[in-house]
Amino acid sequence: MRWHAGFNSVPMTDATLVRQVLQGDTAAFTLLVDRHAAACTRFAMRMLGNREDAEDATQESFLRAYRSLARYEERQAFRTWLFQILVNRCRTAAVRRQRRQRMFLVDDNAVASASVRPLADSTELRAELQRAIGRLDPEQREAFLLKHVEQLSYDEMAEATGVSVSALKMRVKRACDRLQWLLRENGEGEVSDVGT
Amino acid sequence: MSEPDDPRWLSEISDELREEVPVRAAWRSRLLDDVARSRRPALGDTYDDRIDDTGAAIAEATPRRRRIVLTPIASVAAALLFAALGAGVTYVALSGRNANTLAPIASASRDSATRTTTTLVSTQTPADRETVRFALSAPNASRVALVGSFNEWNPIATPLVRDPATGTWMVSLRLPPGRHVYAFVVDGDVTADPAAPRAADDDFGSANSVVLVTGNAS
């Protein structure tokens, strides 16, 4: 495999790996998967609230990325390009799930600890946060996660979402305000799951 | 965790949410198997599966332009042909003006007390697509979007614009000939078009609507 070029070789950039895939070294795509799968799965899980849907969306995103790899342009970070696909896959999955009339469930841990208070450890804190994230408007959730969790710049977010920078800033601001309110509310009263 | 009013809370919750989600080995293996079975990408590919994740929304996609080069003789012949066609079209239009021969290809309109939906297939475009106008009267809605097979059910891709005078939400799309399944998303709720035919089958158990684009304006 050409991406193990030698003892002193420097890590291949994503763009280099893409070129190698397009030149026939399809094994280089494995490294791209290994570099980005965890972040993609994390974003999808935070967006969709369960691992099954998240893995489906992430898998579909990688397959679409692979098939359309020739359309990737190096002026854009591969990660941003991949997130552009993933964002759309998550949007689609959310609508499909809504059409199946499934409730938004965070994950097994979150469901099991849904009524546990006060927060005792990191797992419970994460569960509460995911519940709060799940109650955000999907557009706000998407913008918040891209900004504060995946740490994309606003320009990268605009490329990934097709939304203007000013609109994204507004969504992030509103998401923060809403999260503050939700987290405060959780300390004072009952929180229930809602559909997305 | 610090109190929500404390600025530190944002970095704290971001750190928590940034906790890595482990990638399952079985999932990775399945993905790589699927990749291995996929067609190998190559330089110069123009892969397009109609779902344009990496470009503009399909509804706004512009058709590819072809450049046609004519020889002088062919140019004269083409000019004569167009002149003859123009005269014929003018004659047909004038003779049929009172007989509504230029009516829309297909239309479905129904009024209801609360919501009125109108779907019109109107003009045929040069790119063999037709302009389809989707309209929904929902005066109390704050946001309406169109989802369907033509935009991969993306609830953000095709928002409708509200006419403040009537409370009707509208959007026009240029769709290729064929059967298109769609629904409206009204303030987050997926709703079939009450004035359009229902899709015979839905993968997820909820009703959708259908619009047929004939691709033939006559």
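Keep in mind that the numbers below use all heavy atoms, side chains included, and drop hydrogens, waters and symmetry copies. Nothing here was measured: the structure is a model prediction, and the numbers come from that model. Throughout, a chain's letter reflects where its sequence line sits, starting with A, and its residues are numbered from 1.
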Under 3.5 Å, is there a donor-acceptor pair between the side chain of Arg18(B) and the main chain of Gln151(A)? no
Tell me which of these, Arg91(A), Glu139(A), Gln76(A), has more heavy-atom pairs under 4.5 Å with chain B than the rest. Arg91(A)
Does Arg67(A) form a side chain to side chain contact (heavy atoms under 4.5 Å, CB included) with Arg39(B)? I'd like the steps, not just the answer. CA-CA 7 Å; Arg67(A) 293 176 194 143; Arg39(B) 188 180 64 83; 5.6 Å; no
I'd like to check Ile13(B) versus His148(A) (side-chain heavy atoms, cut-off strictly below 4.5 Å). Are they in contact? no
The interface call for Thr58(A) against chain B, heavy-atom contacts under 4.5 Å, is both
Is it the case that over 12 heavy atoms from other parts of the model lie below 6.0 angstrom from the CZ atom of Arg174(A)? no
Chain A contact via Arg28(B) - side chain, backbone, both or neither, heavy atoms under 4.5 Å: side chain
What part of Phe144(A) is in contact with chain B, defined as an atom under 4.5 angstrom from a non-hydrogen atom: side chain, backbone, both or neither? side chain
Given side chains that start at C-beta, do those of Trp9(B) and Leu183(A) come closer than 4.5 Å, heavy atoms only? yes
Donor-acceptor pair, side chain of Arg46(A) and main chain of Leu17(B), under 3.5 angstrom: yes
Which heavy atom in Pro22(B) sits nearest to a heavy atom in Arg51(A), and how many Å separate them? O-NH2, 3.1 Å
Rounded to the nearest 0.5 Å, what separates atom CG in Leu32(B) from atom CG in Asp34(A)? 7.0 Å
Where on Val33(A) is there a heavy atom nearer than 4.5 Å to chain B: the side chain, the backbone, both, or neither? side chain
Given heavy-atom pairs under 4.5 angstrom as the criterion, report whether the side chain, backbone, both or neither of Thr26(A) touches chain B. side chain
Return the CZ to CZ distance between Arg40(B) and Phe29(A), rounded to the nearest 0.5 Å. 13.5 Å
State the CG-OG distance between Leu129(A) and Ser14(B), to the nearest 0.5 angstrom. 9.0 Å
Between Leu63(A) and Leu31(B), is any pair of side-chain heavy atoms under 4.5 Å apart? yes
Can you find a heavy atom in the side chain of Pro41(B) that is under 4.5 Å from one in the side chain of Arg71(A)? no
Salt bridge Arg24(B)-Glu55(A), side-chain N to carboxylate O under 4.0 Å: yes
Is it the case that more than 12 heavy atoms not belonging to Arg143(B) sit under 6.0 Å from its CZ atom? no
For chain B, which of Asp137(A), Val163(A), Val149(A), Thr161(A) has the most heavy-atom pairs under 4.5 Å? Val149(A)
Turns out that what part of Glu159(A) lies under 4.5 Å from chain B's heavy atoms comes down to neither
